[in-house]
Structure formats: structure tokens, C-alpha cells
Amino acid sequence: MRWFWSRVVALSLILFAFLTGPVAAALPVYVTFWFDTEDFILPEADDAAMRLAEMFAARNVQATFKIVGEKARVLEERGRDDVIAALAKNDIAYHSTYHSVHPTPSEYCRDLTWQEGVSEFTRREGAGLRTLRKVFGVNASCYGQPGGSWTPQSYAALRAFDIPLYLDETSHVNVDNRPFWYCGVLNILRLGDAVIRTGWTDQEVRQACEKFDRVHKKLLDEGGGIISIYYHPCEFVHTQFWDGVNFARGANPPRSQWKRPPMKSPQEQKQAFDAFEAFLDHIIRHAQTRLVTAREIPSLYPDRVYSRPLTRRDVQMIAEAFRKELSYVDLDGKIASAGEGLLALAQTVAKADDDSGTGEVTLEFVYGPASAPQRFVTEGTYSSAAIQEASQELLDIVQQTGQMPSVIWVAGEPVRPEDFAVTLANVVASGGLSGNVALRRGELAARKYVADDSPGLWGWVVFPEGFRAPHMMEVAKLQAWTIKPPVLRKLD
Ligand SMILES: [Zn+2]
């Protein structure tokens with residue numbers, strides 16, 4: 001009988017290897033469900049949030065509930081400990097203090113400087129975050145803006161709030177419909193076909209499930225990825241959004257005049273919950289699928305560019321890349337933003353006289369400039385010493401402020417960071433400093449990932465008629481220095 005058992009063992013080992021091998025090698029497709037939990041007017045929306053929260057808990061999985069500060073406050077005021085407890089079984093995230101009460105973030109940041117906007121966002125949205133933390137006893141795992149009310153300044157505030165992820169769906173910044181880093185915050189902001197929702201009819205559920213299968217396969221072919229699925233608990237019970245009813249086109253009635261939105265019939269509500277449940281179960285049952293919350297997402301995308309020094313070869317790659325295009329640079333799986341690339345070049349040039357060094361440089365996160373210079377030179381020839389001094393001064397400023405300066409002074413003349421970056425790239429790519437250095441012109445190609453101001457960008461019904469924010473989108477483009485795609489972690 002020994003031969004029999006040894007065969008059983010051998011066959012089991014082969015079966016085990018077959019079952020675990022391919023799964024361990026391939027990255028799964030991650031799916032994140034999130035609910036913008038915002039309607040603080042309609043009490044029935046509280047029950048809708050609880051029902052959805054319980055739906056996930058009953059399946060031993062979690063969704064992310066991005067909760068408005070005022071919503072958290074009224075849940076407590078209404079004595080809805082049951083709703084709070086159900087939500088707390090899931091991941092708790094943040095969705096602004098008052099959502100659609102004017103002024104919303106884009107409205108109040110519209111004409112502010114970078115620093116003013118950071119302060120004002122911190123002041124206004126910090127209030128609701130404190131409420132959320134008090135009610136739920138945890139920090140928010142992520143933030144996403146109310147409606148289309150996006151601002152670049154929110155990012156620096158989020159870093160101070162210790163919120164590492166921006167999770168939403170809007171077109172203000174878009175890197176090829178996939179996740180990206182912006183201002184040192186991981187973004188799931190525009191995923192194109194990887195955003196999937198179902199309507200409430202059987203046919204719509206079938207179509208959404210088919211789309212899920214299709215996109216799932218496409219992401220597997222890409223080597224893994226993430227699908228974003230979002231709803232609002234209130235849309236399961238209402239026929240019109242609470243804020244469309246009260247705050248559309250700049251309207252700002254006092255609290256005493258807030259109206260309840262019209263509701264779905266009990267039958268329509270049941271149909272909505274049933275449709276969503278069928279969609280959820282289809283996804284949970286799908287092979288090579290893993291549900292993740294906003295709290296888990298940052299650990300899927302570790303940024304390895306800071307953990308080990310860049311080699312001389314890495315810096316050469318940055319220099320070569322910058323001569324073609326001033327944008328992020330992929331260094332064999334570590335990715336440097338344009339700003340980080342500039343710092344790597346500046347370190348190399350500043351240390352050019354130090355022959356004993358290894359040529360290695362270390363990077364840390366740096367914000368793009370707060371403003372663009374009005375006056376700058378566009379041509380000139382400078383001594384090696386002047387270029388070296390300017391490089392060191394750039395590094396000193398970044399060390400002190402954590403932010404790129406708006407101009408770099410070279411021999412007393414103001415040079416744009418774009419031009420300085422391409423000039424340094426040319427120096428490093430052509431073998432280092434020798435003799436005089438001619439100033440090169442550069443443009444920050446990564447600006448293309450940040451939307452131009454346009455009427456379509458501000459289509460949210462809550463904005464005042466004709467709302468535009470050209471200055472704010474220029475401030476946003478200055479932070480394109482920080483843009484780069486994240487690298488999905490291989491499974492251990
Ligand atoms: Zn919302």
C-alpha cells in the first residue's frame with residue numbers, strides 16, 4: 001500500500017502546485033466599493049446607509065463609506081447608534097463638512113493662492129473631519145470632493161490630516177484612466193472603463209455583470225488593476241438628489257427652508273437594493289477578485305522611489321528622458337515624478353566635484369511651485385560654478401520648504417524650473433559640467449494630465465451658473481511636477 005499513498009501524496013502536491021501556482025503568480029483584480037454618504041436632510045437615507053453597510057457585513061466583506069461631517073453629526077443627533085454601528089463595520093472615509101452648502105471647496109478656493117487655499121480647506125473641511133473622528137473613533141481612510149468641487153489645495157491639507165488616498169471620480173486630473181500620484185497623495189480619481197455601476201432593472205444588472213467580466217479580463221491582461229464602484233445610499237430611496245432640490249445653481253436657502261427630496265415607492269426601493277445585491281454577489285463570486293477598502297489601497301501601491309537611493313544609471317535615465325519630455329520617468333519599476341527627477345539632477349550637478357561619491361542620490365517628496373514667475377530669462381550662458389550654485393540653492397530651498405521654488409536664480413537671473421530642469425538634463429546627459437552652460441527651454445509635459453479650465457469641468461448642478469476657475473486650474477497645473485503612476489505591488 002506504500003506505493004498507493006506515495007502516489008496520493010505526489011498527486012496532491014501536483015494538484016496543490018496547480019491550484020496555488022498561477023494564482024500566486026498573477027495579480028488579482030482589486031475591486032473597491034464606495035458610498036458617498038452625504039444626504040443629511042432625508043432621514044430615510046440613514047436607513048439606506050445602514051442596509052447597505054449590513055449587506056456587506058453579512059458577506060464578511062467591507063465597503064468604504066465616505067461620510068459628510070454634517071451627516072455624522074445628524075446621525076448622532078437623531079440617535080441613530082444603529083446606523084453608526086453598521087457603518088463602523090465597514091471602512092470610514094471623509095466627504096467634506098457640508099458637501100453642497102455654499103461655498104463648496106472649488107468655490108472658496110477659486111481665487112486663492114496655493115497657501116491660502118491649503119489654509120482655508122484645512123479650516124473649513126477640518127471641522128467636519130473632527131466630527132467624523134469623534135463619532136466613529138477613527139481617522140478617515142480617504143477623501144473625495146463633493147460633486148465636482150475639486151481643488152488642488154485640498155491635497156496638502158489631506159497630507160496634514162494624515163489621509164493618504166483621494167478616492168472619487170472626476171476629470172480634473174487624469175493619467176490614462178488609471179491610478180496616479182498627485183501632490184504626494186495616491187489618487188483613484190478617473191478610471192475610465194474600470195468604473196462600473198448597475199442600474200436597477202434586471203437587464204441593467206446583466207449588462208453591468210457582463211461589463212465587469214470584460215473589464216476584469218482586460219485588467220488581468222494588464223497585469224492586475226483596480227475597479228471602482230460607487231453609489232450614494234440616498235439614491236436607493238430618493239428620486240432626486242437632496243442637494244439638487246436645495247442647493248442647485250448656487251441656491252443657498254437657510255436650514256429652516258431645506259426641503260426633503262421626493263422618494264421612491266417601497267417597491268422601487270426594493271428593486272434598487274435587490275439589483276445592487278445581485279451585482280455585488282456576482283463580483284464576490286468572481287474568481288481572481290479581491291475586495292479592498294480605501295484603507296487597504298495605499299498598501300497595494302508602495303512608492304519605492306524613496307526607499308533606496310537612485311543609482312548613477314537611474315539619474316542618467318532621468319536626464320535622457322527629460323531631454324525628450326519633462327514628465328515622470330519609469331526607472332525599472334520605481335517611478336520618479338518630474339519634480340523628483342529635477343531634484344535628482346540637481347543633487348548630481350551640485351556634487352559634481354566630489355569624485356569620491358558613488359553617484360547615488362536620495363529622493364523625498366516635493367510639492368510643485370506655488371506660483372509661476374511673471375519675469376524670467378529665456379536665454380543665457382552661465383559658468384559651471386553658477387549652475388552648480390543654483391542647483392545647491394534649489395536643494396536648500398526644497399529642504400526648508402518641501403516645495404519647489406517658482407524661480408531658480410542663476411548668476412542673479414530668474415530661470416523657470418522647467419528651463420532649469422532641461423538645462424541640467426542636458427548637462428548630465430552629455431557627461432557632466434564642463435565650461436559654460438547654455439540655458440535650454442523646457443515645458444512641463446506632465447501639465448497635460450491636469451484639465452484645462454472649461455465649462456464642462458464645472459458641470460455639477462450645485463455650482464452657480466457659469467462657474468469657472470481658470471486661476472485655480474493654473475495652480476493645479478503647477479502641481480503636475482508631482483504626477484506619476486503608482487506601481488501595483490506584487491503579491492508576497
Ligand atoms: Zn457627494
Side-chain angles (χ1 to χ4, degrees), residues 32-101 128 131-138 140-141 144 146-147 197-201 204-205 229-247 255 258-281 283-284 291 293-294:
T32 193
F33 280 90
W34 47 282
F35 294 94
D36 281 357
T37 310
E38 58 191 46
D39 180 347
F40 45 79
I41 295 179
L42 185 69
E44 286 83 352
D46 302 347
D47 298 288
M50 181 163 73
R51 184 159 169 184
L52 290 162
E54 294 291 6
M55 194 186 285
F56 279 79
R59 288 162 173 76
N60 281 315
V61 289
Q62 287 182 309
T64 298
F65 287 81
K66 283 165 57 193
I67 302 167
V68 164
E70 179 63 6
K71 175 78 173 183
R73 194 191 67 76
V74 301
L75 283 175
E76 231 178 21
E77 190 180 80
R78 291 170 185 158
R80 295 308 304 266
D81 295 348
D82 53 346
V83 180
I84 293 169
L87 291 171
K89 292 176 191 167
N90 291 267
D91 184 25
I92 300 301
Y94 188 47
H95 193 39
S96 83
T97 300
Y98 286 112
H99 201 282
S100 301
V101 177
T131 306
L132 185 85
R133 286 170 176 166
K134 185 171 73 63
V135 172
F136 289 95
V138 291
S141 59
R197 290 163 56 90
T198 179
W200 312 133
T201 67
E204 284 168 314
V205 172
I229 300 174
Y230 71 95
Y231 288 87
H232 307 74
C234 55
E235 67 187 295
F236 288 77
V237 294
H238 73 204
T239 55
Q240 198 187 345
F241 269 93
W242 62 284
D243 52 356
V245 172
N246 290 286
F247 304 100
R255 192 179 282 261
W258 290 352
K259 293 197 228 34
R260 287 177 174 222
M263 286 187 61
K264 286 183 166 68
S265 70
Q267 237 160 346
E268 289 167 326
Q269 292 182 26
K270 182 177 183 311
Q271 186 178 6
F273 284 111
D274 287 352
F276 178 76
E277 197 160 25
F279 184 47
L280 173 62
D281 281 332
I283 292 166
I284 290 175
L291 263 59
T293 61

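For clarity, every value in this text was computed on a predicted model and none was experimentally measured.
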Would you please test K66 and E38 for salt bridge (charged side-chain N to carboxylate O under 4.0 Å, His left out) and show each step? CA-CA 8 Å; K66 283 165 57 193; E38 58 191 46; over 6 Å; no
Kindly indicate, with the supporting measurements, whether the criterion salt bridge (charged side-chain N to carboxylate O under 4.0 Å, His left out) is fulfilled by E70 and R73. CA-CA 5 Å; E70 179 63 6; R73 194 191 67 76; 2.8 Å; yes
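In this structure, K264 contributes its side chain and V237 its backbone to no donor-acceptor pair below 3.5 Å. Side chain of R197 to backbone of Y230: a donor-acceptor contact under 3.5 angstrom is found. Between the side chain of N90 and the backbone N or O of Q62 there is no donor-acceptor pair closer than 3.5 Å.
Residues W242 and C234 share a closest heavy-atom pair of CD1-SG, 4.2 Å. Taking each heavy atom of T198 and V205 in turn, the nearest pair found is OG1-CA, 3.2 Å. A140 and L132 make their closest contact through CB-CD2, 3.9 Å (heavy atoms, listed as atom of the first residue, atom of the second, distance). P233 and D36 get closest at one heavy-atom pair: CD-O, 3.3 Å.
Between the CD1 atom of I92 and the CD1 atom of I84 there is a distance of 9.5 Å, given to the nearest 0.5 Å. With rounding to the nearest 0.5 angstrom, the CZ atom of F276 is 6.0 Å from the CG atom of L52. How far CG of L75 is from CG of D82: 9.0 Å, rounded to the nearest 0.5 Å. Atom CZ of F33 is separated from atom CZ of F56 by 5.0 Å, given to the nearest 0.5 angstrom. Distance check, rounded to the nearest 0.5 Å: CD of Q269 to NE2 of H238 gives 10.5 Å. The structure places NE2 of H95 at 13.0 Å from CZ of F35, a figure rounded to the nearest 0.5 Å.
A 6.0 Å sphere centred on CZ of F279 holds more than 12 heavy atoms belonging to other residues, nucleotides or ligands.
In summary, the aromatic rings of F241 and H232 are positioned with their centroids under 6.0 Å apart.
For the pair R51 and F273, the distance from NZ or CZ to the six-membered ring centre is under 6.0 Å and the angle to the ring normal is within 45 degrees.
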